[in-house]
Structure formats: structure tokens, C-alpha cells
> 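Got a structure here, written out as C-alpha cells. Questions coming.
Residue numbers start from 1 in every chain, and the chains themselves are labelled A, B, ... in the order their sequence lines are given, proteins ahead of strands. The analysis underlying the following values was restricted to heavy atoms, covering all of them including side chains, and did not include hydrogens, waters or symmetry mates. For clarity, every value in this text was computed on a predicted model and none was experimentally measured.
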Amino acid sequence: MKYEFSEIESKWQKKWQEEKTYACKNGDKRPKYYALVEFPYPSGQGLHVGHARPYTAMDVVARKKRMDGYNVLFPIGYDAFGLPTENYAIKNHIHPAKVTHDNIQNFRKQLQMLGYSFDWDREINTTDPEYYRWTQWIFLQLWKKGLAYKTTMPVNWCTSCKCVLANEEVVEGVCERCGAPVIRREKSQWMLKITAYAQRLIDDLDGLDFIERVKIQQKNWIGRSTGAEVDFKTTEGDILTVFTTRPDTLFGATYMVIAPEHAYVKKWAGKLTNSDEVSAYVTEAARKSDFERTELAADKEKTGVELKGVRAVNPVNGKEIPIFISDYVLSTYGTGAIMAVPAHDTRDWAFAKKFGLPIVEVVKGGDVEKEAFTLKDDTGIMVNSGFLNGLTVRQAIPAITQWLIEQGIGHEKVNFKLRDWVFSRQRYWGEPIPMVYCEKCGWVPLPEDQLPLLLPNVDSYEVTDTGESPLSKITSWVNTTCPHCGGPARRETDTMPQWAGSSWYFLRYMDPHNHQALASKEAMDYWSPVDWYNGGMEHTTLHLLYSRFWHKVLYDIGVVPTKEPYQRRTSHGMILGEGGEKMSKSRGNVVNPNDIVAQYGADTMRLYIMFIGDFEKAAPWSSKAVKGCKRFLDRVWNLADLCTDEMGYSHANESNIHKTIRKVADDIEAMKFNTAIAALMTLVNDFYQNGCSKGDLGTLLLLLSPFAPHIVEELWQRLGYSGKGMACQQPWPTYDESKTVSAEVKMVVQVGGKLKGSIIVPVDSEEETVVSAALAEPKVAAMLQTMQVVKTIVVKNKLVNVVMKPKA
RNA sequence: GCCGGUGUGGCGGAAUUGGCAGACGCACCGCACUCAAAAUGCGGCGGAGCAAUCCGUGCCGGUUCGAGUCCGGCCACCGGCACCA
């Protein structure tokens, strides 16, 4: 009897489809478990082995949880709005909806080919008007809460996509998606006020089971820092406010710097004696792309111009100090102005050295002529600082802050690096923003009963030269009436970014066919929160942060029952090409899951992708190693012919079976899928060694079923177990703790920590018994001719270490 | 520069919480089966040595009866942030 994987796999996949084996029910009495994977973008290339790793992992988890007795929600859908589809549509003159539809067909087929236990009745698609109706609805709620606003500001403009990007989408000055340079451009944009949630996005991480690196990366991205705002009087009689995290160094502030974009540059323009030089610098700074700025930042070469004719006054000592403009000060952070303390800040130090400005040491502990002394702890003592002298930095910060408050010129202040989310995209294939502009009433939201605002058909999806969305050309759609006053008005023509639909999709799965709400209250109460969400690290500061933000807003307006959407977040490593480099079309090292399934079957594919290595780390694909997994399944298959008819456990394997039941369960929970499979392989090797009964094999099949469900169902049926139902519907085997240990144990004998041999003793033997057995061990006994025992260390059931010294 | 992570055989990787380094798999070698090969089964497989033994988890030092694991100091690579005051 041969293992015909291809027939077996289609047989069971068909049965699962027909019987809806993996459908789950809202409100079921069993405890719920919500396992989530990041839904794919249905690209034309189809499913990639990079998808198979996290999807298989969570499928294993979902299948295991069902066997543990949970009502498991394990859904899938498609994040289908986005640029590649639109670009493909433009090139081939096919409607993006058609492209999307075809790609989804292909993805669905591939996902089913791998035997994933998704509940296919809950499949969603972000481009479906019944779906994006609620994406638009959420936007309206954000508007009502004052969290959506339109403003003109310099934005990141991708020169190739001809589209605005969020800060999160710009990587090293280039577009994250296409790699083209990003320039800054003034544009009127919809913005979402994620900054209003900055503190809560940090604080609420505490109660979550996110892997630590995700928490840290999110915290760094949000970038909270505590300091003070300080007002400096100027010779113009106005006030220049700065933000500093080092108010303790105020006595060392020998000059000030403001960003080239700072409003005061214009305000003081008339007073400046070097206005030509200043405006030249401002123009030059504005001209620089983000890429050039980033490049220059790398070598830290400082540039700047003094604003001659205007000076500021240091409030602690009354000294007049110069004011510079320089692009090392960012207009978007703090107040866009700083007090420069060259002795204790490396950037200010470099600038001061270049421009010959005074460096005044106010914290003793370094050599400020050589480099800035920046430690912010108790290492340094305040000097040259009047009433602060003698204090440590940590003591000086509250002291000076108190003084600033008393003087009425400053206060404590918290700042974040996080900026508001640029939400407009000048493209066709996205959710229309349901807003209307009326000359009389301003921006007016579409009434909720007019949702969904359908994406109109256009003749051409080409981007316009002016950088406006293709929608702007459809005048019949753009021109409308104001929902407020009934007068003529224009629709917003920008669409939402791809992150919109994915910010709430996990809620729709809970109740995907609801026409009254994004999901019913009952459904959300039952399923919330997602118990385990696995996804890529690349989404940590984008999707994961955005969806936490939206969820908190929905929580605040009473729509969702929990503060946080996801209880546990884990992340998988990348699958690399055979040589260890990234898989890419250009390198020609892409592995297509279809080929692996055709050659070895879905079960081998699943098993290998889980066995390949540590789930959290990158792992190179090996076409040779795949065979090892196929060989293992062949060995399992052949056991059906070798096993005895006995229904219980055969004695020789019993303790190993109990141990393996525990190990596989523990390893799945800890994402150690590779060692879970190794344990199953060991057990199979034992079966070959010691023989196995039908009962042994039945248990092995149940343990294997989350990983290789098709072969398991087939063997389960052939062994005659089908009266109990399918293997995937069985409870997880139980183990007996007492049977995981054998009656006797091998203990290691060491002398001075070096391995000398081993002894077999009954479990939990007394120390004296163990020690005398150890001393009788031949090698140890031989050593005792010339040595004497100093002491012995016994680790229960593990080892004996005898410490010796030469006989006197 | 800052934050996080990782360094273990020819390769992918194991090793509760300081207790037999190299589980499991790949590759390779040997044996059985075969006319032969493949497949399969069984065995071997860190290095040096005939052996007893010695050496071995990126490098240098330390703590400990005992260190891949803990501490101090380096090096290399990967990921994130990057003039955030």
C-alpha cells in the first residue's frame, strides 16, 4: 500500500469543504479561541512560501485548540485595495476589480490546497462595498470625534507612485514600496490624530502578551520623552520657546537654534542684517529631499546661518546669546527651536566647534573640550550653574523645573516622536473618503445612510500630472450637493491608504454578513479580543499601531468591548532562498508552494515549513531537507502495516508516548514547532525500534494531525477509528505525569565537573545510595586509589559530582 | 551613534531554571536487501589520537564543584530608529 498523497489530500479537502468541518459558531457554549493571521494582499504572483510559514503555524495552533475543546475562529480574507493591482490594471486595461477577483480565486485555491482549516463562510474582501462601507463609517466616527482633519502641510511625495506617503512608509528617504526618492511637497491632506492616543498606545502595551521586541519597537517609534519647555526673551521683545530634556544644563546654553521653517524667521526678516544669506539657506533647506537630508544627517556635517540683528536672553544669567537657523533642528518636533548646550549635547558640540561658539561646562565629569559630556545620571555634578551647583543631574532637573515654574517661564513637558497619520492617497484603487466640500459649510460628512460611497467606474486609472486622484476627472461624481445646505458641493477625490481596510478587519470576521453594523455587539462580546495574532515584524509600526489606534477610538465611542484588539502578538522569521539571501524574482530563487505540493504533497510542505528552524528566526529554504519530511511521512504511513492489533499502548513505548503528548502540546503553545516535530520523529523511530500497537499509532496520529492533517485522516480511517469521527475532531490525548518518568534513571557521574561515566539507579534514590553507587563506578573507584573525596554534589535524578584532592 | 537580536559540527538546528554539548533532520560513510541501482531497513558520523585521553558552543577574562547558559570587557553579523534637543 503506497502513500498516494495527491489523492488523499484532495479527498479530504473536498470532505472538509462539503461538511464545513472548520466552520465555527457565534455564541457557542464552549470557550472561544480566536486565532488570527495577517490576511494576504492578493497579488498576481500568488501565494508565496513566505505566507505558508505563519499560516501553517496558526493553522497548527487552531487545530490544536479545537482538539483542546475550544470553539475556534480561524478566518481568512483579502486585503485587496492597493497600488500593484491598480498599476497592473492601468498597464493591461483591465478593471482593478476584475484583477482583484481573479487573483483572489487563485489565492483561495492555493490556501485550500495547503489544507488550512479556515472558516470559509467568513471570508472577507476589503474592496467589497459591503466591507468598505464600514471602513468609511469608521472614518466618519473619527471625523465626529475630531480625530480626522484636513490640513495643508509638507508631505512625503513618492516621485514614482505619484502619491502621498505616511511617515511610516518612508524608509531612508525612499518609498518603502517602490524605492523611488521621496520629496517634500505642500499638499492639502486628510490627517488622523493618532498623536492624541500616543500615551495610551504606550501604556496599554503593559497588559498584553506581545513579544518584547514588538513592544520595544512600538515604544521607540512613539518616542516619548520628558523634559521642559522654557521661554527665552528676545531683543525683539517677543518670546522664543524651546523644548529640552536637559533643563539642568540651562546655564550652559550659549546660543539658540531654530528650524529653517520656524515662523520667527519670517517674522524677524525685516530686522536681519544678513537677510539674503538667511533666505538663501531657508530656500536651500526646503529644496532638499528627505533623502538628501537623511544622507547629510549620516555624516553629521552641520550647516547653519546666524540670524544677525536678533538675539535671545538666557533667563538664568541674563546673558545675550546669538540665534541661528540650521536644519539639524526639526520644525516638526518640540517647538522647532532649541537652546544649544554644546558642552553636553553632541550635536550642539559639533555645531559650536564649527562656528567657534563658546562651550561652557555645567556638569563636571567629562572633558568638554574633547567631546560633549552627555550622561544624564548621578555621574556628574553641576558647576558654573548658580543655585544648582553641587547637585547631581538627577537632582538638578526637578530643582530647575521648579524654578522655571516659579518664574513663570517654563514647565514640565512631554513630547512624542509619533506624528499624525497622513491618510490621503491620490490614487483610484482605494476606499473613497466620504466627505463633501461646500463653499458655504466647509467639509461636510456624508450621512451614514448614504454609505457605502461607491468607487465610480472610470475610463482611465492613470494618475494625473497635477498629482490629483484619477477620481477628480469624473465630474459627474465629483459634483454633488451639500448634505448640510443642499447647495453645490464637491466630493473629496483622494482615497484612503491601504492600511485603512486592515485596521479593523478582525472585527468583521466576527460577524461578516451583518448589514446593520460592522459587527453585532453580541458577536464582538463573544469573540473579543483576538487571542493570538501572528504577523510580520514589518507591520509593527504600521498596521499593528494603526489598528490599535482605531480600536481604541472605537472603544471610546462604545462600539467595541475591549481597549485592545489583540491579546497576544507573535512574529515569524523570513524564509530565505537556498543560499541564505532574500527570495526575490530578480534573484530567481523564489520557491512556489504549488511545486512543492505537486512533488511531495501539502502535508510534507506543511511539515517542512514548520520543521525548517526556529519559528521566530529567518531560515533558508533547503530543497534537500524537504525530503526528510516526506521520508518521515512515508515511515508513518508504513506503520499502519507494521502495527499490531492491540488497542492499548505497547509497554516499550508507553513512557515515551506520554512524554511526547506533553512535549508536542507545550511546544505548540511556545511556538517551538520544530522541536514538536522532532519529538514526533523520535517517537516514530522508537516505534520502528520497539514495534507498535494500533493504540500507539492512533495516539501518534492525533499528535501529528495539526501538522499533517490529510495523511492523518486517511490513516485514522484505515485503522478503523472513523466511528469516533475525524481525527481533527478528537480530543487531544491526555498524558499521565507519572508515566512520563521511567522507574530507573541514568545519572551522570562527574569528578570535578568532568564526565567520568554514568550509573543506573531507581528514580528519586536517596543521596547516600547514589553517592556510593557513584564511588563504585570503575573509573571513579580507580581514582580513589590516589585521591580522597572532598565533597559530593547530587542533583536529583540527574548527576553526581565528586570533588577530590590528592591524598595527603 | 542609539535600541533590540544572533554567533553551537560540512549544513538547518536542539539543549527546562547553571548539570551528559550536538536531540531531530539534511549531507556523507558502512552494512543488509538487489544481477545492479534506486527505494527501504539497520548502523556510524565535532576535532586530534592506535588507545587511555585531550581539545571543543565568536574572542579575552571572571564567578562556580560544574558555564553554550551567569558577570565584566571586546569582535562580527542581522533587524529597527536615525540630527527627535
Side-chain angles (χ1 to χ4, degrees), chain A residues 171-172 211-221 223-225 227 242-246 249 257 293-294 296-302 326-330 332-341 344-348 350-351 374 415-419 537-538 540-541 573-574 580 607-608 611-614 616-629 631-632 634-635 638 663 666 670 672 674-685 688-689 746-758 779 790-804:
Chain A
V171 177
E172 286 175 5
I211 50 172
E212 208 49 36
R213 57 197 168 120
V214 168
K215 287 191 182 183
I216 289 166
Q217 217 167 293
Q218 288 210 342
K219 279 183 194 166
N220 288 348
W221 185 262
R224 183 194 146 103
S225 56
V242 302
F243 172 69
T244 177
T245 56
R246 294 296 302 276
T249 62
V257 187
R293 266 201 168 192
T294 314
L296 292 169
D299 60 34
K300 306 268 189 270
E301 185 59 34
K302 299 282 183 287
S326 171
D327 62 7
Y328 86 87
V329 172
L330 306 176
T332 47
Y333 184 79
T335 62
I338 62 153
M339 62 176 210
V341 185
H344 305 289
D345 181 281
T346 49
R347 297 149 302 183
D348 298 344
F351 191 88
T374 58
N415 262 316
F416 298 94
K417 288 187 204 174
L418 185 71
R419 295 188 222 155
M537 277 310 284
E538 71 275 20
T540 302
T541 54
M574 254 197 298
L607 205 62
Y608 176 61
F611 186 62
I612 195 166
D614 183 337
E616 297 197 74
K617 289 191 205 132
W621 182 268
S622 160
S623 51
K624 278 183 184 162
V626 183
K627 286 186 203 155
C629 290
R631 219 171 270 165
F632 167 69
D634 282 331
R635 278 163 76 77
N638 292 332
K663 170 122 184 100
D666 290 352
K672 292 161 79 172
N674 53 338
T675 52
I677 292 167
L680 292 169
M681 288 173 168
T682 306
L683 189 61
V684 167
N685 291 344
Y688 271 82
Q689 208 66 227
K746 189 182 85 168
M747 288 183 69
V748 168
V749 179
Q750 297 179 337
V751 173
K754 297 223 175 204
L755 180 66
K756 292 296 166 189
S758 62
K779 276 181 199 161
V790 178
K791 68 171 171 173
T792 54
I793 292 127
V794 176
V795 181
K796 205 174 183 183
N797 296 330
K798 276 211 172 125
L799 71 85
V800 191
N801 188 12
V802 184
V803 185
M804 297 186 189

> For nucleotides 75-81 of chain B, which of its nitrogen or oxygen atoms have a protein nitrogen or oxygen under 3.5 Å away, and what is each distance?
none

> List in chain and number order the residues that pass salt bridge (charged side-chain N to carboxylate O under 4.0 Å, His left out) with A:Asp614, two or more places apart in sequence or in another chain; answer none if no residue qualifies.
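Scan of A:Asp614 (salt bridge (charged side-chain N to carboxylate O under 4.0 Å, His left out), adjacent residues dropped) gives A:Lys617.
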> When you compare B:U17 with B:A27, how far apart are their P atoms, in angstrom units rounded to a whole number?
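The same atom, P, in both gives a distance of 33 Å.
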> Each nucleotide in nucleotides 12-20 of chain B should get exactly one letter: B, S or -. Can you fill that in based on protein heavy atoms under 4.0 Å?
BSSS---BB
> How long is the gap from OG1 on A:Thr249 to NE2 on A:His344, to the nearest 0.5 Å?
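With rounding to 0.5 Å, OG1 (A:Thr249) is 7.0 Å from NE2 (A:His344).
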> Would you mind reading off the distance between A:Leu607 atom CG and B:C24 atom P, rounded to a whole angstrom?
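Result: 16 Å.
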> Between B:A23 atom C1' and A:Asp666 atom CG, what is the distance in whole Å?
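One finds 17 Å between C1' of B:A23 and CG of A:Asp666, rounded.
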> Looking only at atom P, what distance separates B:A38 and B:C29, rounded to whole Å?
11 Å
> Is any side-chain N of the basic residue among A:Glu616 and A:Lys672 closer than 4.0 Å to the acidic one's carboxylate O?
no
> Using the test side-chain contact (heavy atoms from CB on, under 4.5 Å), find all partners of A:Glu212 that sit at least two apart in sequence or belong to another chain.
A:Lys215, A:Ile216
> Check every strand shown and say whether A:Gly334 touches a base, only sugar-phosphate, or nothing at a heavy-atom separation below 4.0 Å.
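Touches nothing.
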> Please state the C1' separation for the pair B:C11 and B:G49 - nearest whole angstrom.
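It comes out at 27 Å once rounded to the nearest Å.
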> What is the distance, to the nearest angstrom, from the CZ atom on A:Arg635 to the P atom on B:C24?
11 Å
> Take the protein atom CZ of A:Arg631 and the nucleotide atom P of B:C24, then report the distance between them rounded to whole Å.
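The answer, rounded to whole Å, is 15 Å.
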> Give the rounded distance in Å between these two atoms: CG of A:Asp345 and P of B:C2.
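Taking atom P of B:C2 as the reference, CG of A:Asp345 is at 14 Å.
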> What donor-acceptor contacts under 3.5 angstrom involve side-chain atoms of residues 620-628 of chain A, with partners at least two apart or in another chain?
unit_1   : atom_1 : unit_2   : atom_2 : d
A:Ser622 : OG     : A:Lys624 : N      : 3.4
A:Ser622 : OG     : A:Ala625 : N      : 3.0
A:Ser623 : OG     : A:Glu578 : OE2    : 2.8

> Which pairs pass side chain to side chain donor-acceptor pair (under 3.5 Å) with one or both residues in residues 790-801 of chain A, sequence neighbours excluded?
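Of all non-adjacent pairs touching residues 790-801 of chain A, those that pass side chain to side chain donor-acceptor pair (under 3.5 Å) are A:Asp764-A:Asn797.
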> From C-beta outward on A:Lys624, which listed nucleotide comes closest to its side chain: B:C26, B:C83, B:C3?
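Ranking B:C26, B:C83, B:C3 by closest atom to the A:Lys624 side chain puts B:C26 first.
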> Calculate, to the nearest 0.5 Å, the distance between atoms CG and CD belonging to A:Leu683 and A:Gln689 respectively.
12.5 Å
> Pick the P atom in B:A32 and in B:U16, then give their distance to the nearest Å.
41 Å
> Which one of A:Val242, A:Asp345, A:Val257 satisfies the side chain to side chain contact (heavy atoms under 4.5 Å, CB included) criterion with A:Met339?
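Only one option passes, and that is A:Val242.
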> Might you list the N or O atoms of the protein lying below 3.5 Å from N or O atoms in nucleotides 45-55 of chain B, with each pair's distance?
unit_1 : atom_1 : unit_2   : atom_2 : d
B:C55  : OP2    : A:Lys754 : NZ     : 3.4

> What's the gap between B:A21 and B:G46 when it is taken at their C1' atoms, as a whole Å value?
10 Å
> Can you tell me how far P of B:G4 sits from CD of A:Gln218, to the nearest Å?
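Whole-Å distance recorded here is 16 Å.
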> Determine the contact category for A:Asn685: base if any of its heavy atoms lies under 4.0 Å from a base atom, sugar-phosphate if only primed atoms, P, OP1 or OP2 are that close, otherwise nothing.
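Sugar-phosphate only.
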> Whether A:Thr792 contacts B:C65 is assessed here as follows: a side-chain N or O lying under 4.0 Å from the phosphate OP1 or OP2. Is that the case?
no
> With sequence neighbours left out, what residues match A:Lys417 under salt bridge (charged side-chain N to carboxylate O under 4.0 Å, His left out)?
none
> Regarding A:Phe416, tell me which of base, sugar-phosphate or nothing describes its non-hydrogen contacts under 4.0 Å with the strands shown.
nothing
> Between A:Arg246 and A:Val341, is the side-chain contact (heavy atoms from CB on, under 4.5 Å) condition met? List the steps.
CA-CA 9 Å; A:Arg246 294 296 302 276; A:Val341 185; over 6 Å; no
> Work out which heavy atom in A:Tyr688 is nearest to a heavy atom in A:Arg635; give both atom names and the distance.
OH-O, 2.9 Å
> Between the side-chain atoms of A:Lys627 and the base atoms of B:C26, is any donor-acceptor pair under 3.5 Å?
no
> The criterion is salt bridge (charged side-chain N to carboxylate O under 4.0 Å, His left out); which residues satisfy it with A:Asp348, sequence neighbours excluded?
none
> Tell me what A:Ser622 touches on the nucleic acid: a base, only sugar-phosphate, or nothing, going by heavy atoms under 4.0 Å.
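No contact.
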> Need the glycosidic conformation of B:G9: syn if within 90° of 0, anti if not. Which one?
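Judged by the O4'-C1' to base torsion, B:G9 sits in syn, the angle falling within 90° of 0.
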> What verdict does the side-chain contact (heavy atoms from CB on, under 4.5 Å) test give for A:Ile338 and A:Tyr328, after you've listed the backbone C-alpha separation in whole Å, the side-chain angles of each residue and the deciding distance to 0.1 Å?
CA-CA 10 Å; A:Ile338 62 153; A:Tyr328 86 87; 3.8 Å; yes
> Using a 3.5 Å limit on both pairing distances, list the dot-bracket string of RNA chain B from the 5' end; Watson-Crick and G-U wobble pairs count, crossing pairs take [ ], interstrand pairs take |.
(((((((..(((......[....))).(((((.......))))).(((....)))..(((((..]....))))))))))))....
> Roughly how far apart, to the nearest Å, are B:G25 and B:C42 at atom P?
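After rounding to an integer number of Å, I get 11 Å for this pair.
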> Closest approach to the side chain of A:Val329, judged atom by atom: which nucleotide of B:A85, B:C65, B:C24 is it?
B:A85
> Measure CD1/A:Ile338 against P/B:A85 and give the value in whole Å, please.
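About 11 Å, once rounded to whole Å.
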> Taking salt bridge (charged side-chain N to carboxylate O under 4.0 Å, His left out) as the definition, give me every residue that meets it alongside A:Lys219, ordered by chain and number, with sequence neighbours left out.
none
> In whole Å, measure the gap between the C1' atoms of B:G68 and B:G22 for me.
11 Å
> Who passes side-chain contact (heavy atoms from CB on, under 4.5 Å) against A:Thr682, sequence neighbours left out?
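Checked A:Thr682 against side-chain contact (heavy atoms from CB on, under 4.5 Å); zero matches.
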> In whole Å, what separates the C1' atom of B:A76 from that of B:C31?
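About 44 Å, rounded to a whole number of Å.
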